[in-house]
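The next block holds one structure in the form of structure tokens; read it before the comments.
For ligands, and for the atoms within them, numbers begin at 1 and follow the listed sequence. Given the structure is predicted, the values throughout are model-derived calculations rather than measurements.
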Amino acid sequence: MASLTQENACRVSCFSECFHGVRKEHSFSWSKRLGFNRKCNYETLQVRATVSKIEHNVSSQDAGLATNGGKRKVTDSIKDEARRHGLLEPPTTFSAKYVPFSPYETTEEFYSLDEIIYRSKDGKLLDVQHDMKALKEYDGKYWKALFDSRVGKTTWPFGSGVWSKKEWVLPEIDNDDIVSAFEGNSNLFWAERFGKEMLGMSDLWVKHCGISHTGSFKDLGMTVLVSQVNKLMKMNKKLIGVGCASTGDTSAALSAYCAAAGIPAIVFLPANKISIAQLVQPIANGAIVLSLDTDFDGCMRLIREVTEQVPIYLANSLNSLRLEGQKTAAIEICQQFDWEVPDWVIVPGGNLGNIYAFYKGFVMCKELGLTDRTPRLVCAQAANANPLYLHYKAGWNNFVPVKASPTFASAIQIGDPVSIDRAVYALKNSDGIVEEATEEELMDAAALADMTGMFTCPHTGVALSALMKLREKNVIGPTDRTVVVSTAHGLKFTQSKIAYHSKEITEIQCKHANPPLEVKADLGSVMDALRSKLSLTL
Ligand SMILES: Cc1ncc(COP(=O)(O)O)c(C=O)c1O
Ligand SMILES: N[C@@H](CCOP(=O)(O)O)C(=O)O
């Protein structure tokens with residue numbers, strides 16, 4: 001484990017000021033004054049990357065840096081540096097393969113991860129199965145120490161929250177083939193005020209998976225999928241690109257990771273059903289963007305047909321590689337609590353890959369001795385797109401897809417989720433619950449959370465609203481350690497926030513709207529405004 005002691009870490013800080021856009025239906029006076037232009041969807045993008053070397057715990061000699069006065073040679077990359085220390089040796093001990101997702105039956109069927117395959121012979125979804133016997137050769141203490149030693153480093157590729165768990169994710173990939181933006185390691189926010197003041201809770205946390213390279217949790221899965229595609233292309237497998245159907249976040253992640261690797265990306269988007277910020281992401285990253293006159297389920301059907309005819313690799317969560325990356329968020333939560341397990345984890349659900357990914361991550365931690373139990377899972381859906389909720393309420397009998405209606409939680413406007421079987425399995429086995437939130441409930445919940453310092457997306461609003469309901473019924477207790485998974489950055493969804501705070505959404509009351517006051521620029525008017533707002537008697 002020589003590599004564990006090497007801490008030649010640099011810290012990369014990347015600030016990205018997101019895009020602002022307003023659709024016609026959400027434009028209004030103060031938005032224009034703040035610089036939101038109704039016609040051209042004014043946009044700004046600033047990305048500043050500051051790379052500063054902050055510490056060297058190994059000698060320059062050890063780090064291979066001696067030849068340039070302790071600095072990395074101009075021609076070197078962090079991959080070269082890792083290679084010199086044998087870090088890029090292909091691991092031989094651990095392995096994984098595809099098996100049919102059939103948890104209640106045994107089967108001999110399996111496939112190599114180097115095959116291009118998404119379904120079993122009889123049409124089941126696939127699952128990535130790890131050689132658990134090999135992983136169990138090492139005890140929980142070993143894994144905890146290994147994973148903990150990698151946090152906050154830039155040692156390639158372990159500076160990524162996903163690849164810091166590489167042995168549990170894609171153990172056989174050569175580190176040189178990995179395409180990573182050092183995703184993961186997202187902050188776990190103690191929602192102190194929201195918990196105490198709104199819910200009487202003392203141990204409420206929000207896992208900010210949306211504070212990420214492309215602004216959503218999709219980065220966690222996409223680094224794995226695009227890395228594997230990168231490997232397949234190097235193996236000369238017949239592939240011309242990678243494609244997905246998307247409600248905006250999968251497409252953003254796919255486009256960014258493909259652009260980083262120089263791989264063509266093709267994205268199918270439902271026209272006028274995703275936010276401007278989400279739309280501009282694949283455009284900016286040079287993807288082929290098809291805006292289709294259908295909904296997400298229609299886009300999904302089309303991309304499946306296209307990928308059957310053309311060698312385009314399918315990047316939706318139907319592809320189980322994605323879930324291997326996404327499951328690391330669950331492992332990370334345990335790690336952030338010093339390997340203690342929360343009582344509840346609440347995840348907004350759409351295509352339903354993520355709820356299963358969380359389940360998988362928690363189960364793996366328990367099976368490999370890092371934790372002693374798994375949390376209860378809650379999947380939260382928008383009432384306008386609630387097929388899982390209806391299925392749960394019907395006692396899990398006879399799943400019926402729905403036609404999803406428009407919702408502010410547009411990324412989960414999905415009526416026929418691909419991973420329904422995986423989600424049902426995860427929920428049944430975690431004593432899980434499904435809740436739903438109306439448009440008013442989800443927007444109010446997001447606004448309330450924002451008032452306590454967050455900047456939540458509507459999907460996080462769905463999860464927070466589910467929490468509020470379960471707390472009200474006392475299903476979730478006041479001292480239960482609870483984690484709400486925030487799946488995207490609120491800055492991707494400024495249109496709906498602007499509409500809410502300007503009270504432009506006629507169907508709901510917008511109870512917590514906080515529009516700016518338009519005040520004449522003289523002291524008297526300013527004082528009057530402050531008096532009324534602050535209840536001053538002066
Ligand atoms: C922001 C956001 N939240 C939640 C989800 C739901 O995740 P899943 O489709 O894995 O259920 C998605 C995508 O579907 C999303 O983009
Ligand atoms: N919200 C998703 C919908 C597709 O989900 P996926 O996980 O199957 O790719 C998106 O952003 O496109």
Is the Y313 to Y118 ring centre distance short of 6.0 Å?
yes

Show the nearest heavy-atom pair for residues I412 and A385, with the distance to one decimal.
O-CB, 3.4 Å

Are a donor atom and an acceptor atom from the side chains of K165 and Q335 found within less than 3.5 Å of each other?
yes

Looking at E441, is its backbone amide N or carbonyl O close enough to the side chain of T438 to form a donor-acceptor pair, meaning the two atoms are under 3.5 Å apart?
yes

Are the aromatic ring centres of F493 and H459 under 6.0 angstrom apart?
yes

So which residues, sorted by chain and number, lie with a heavy atom under 4.0 Å of ligand 2?
K218, S246, T247, G248, D249, T250, F296, N316, S317, R322, N351, A411, I414

Would you please write out the protein residues whose heavy atoms approach any atom of ligand 1 to under 4.0 angstrom, listed by chain and number?
F217, K218, D249, P348, G349, G350, N351, L352, G353, N354, A411, I412, H459, T487, A488

Is it true that W396 and H391 have ring centroids separated by less than 6.0 Å?
yes

CZ of F189 to CE of M454, rounded to nearest 0.5 Å, is 5.0 Å

Compute the ring centroids of F182 and W163, then answer whether they are less than 6.0 Å apart.
no

Please report whether the ring centroid of F101 lies less than 6.0 Å from that of Y356.
yes

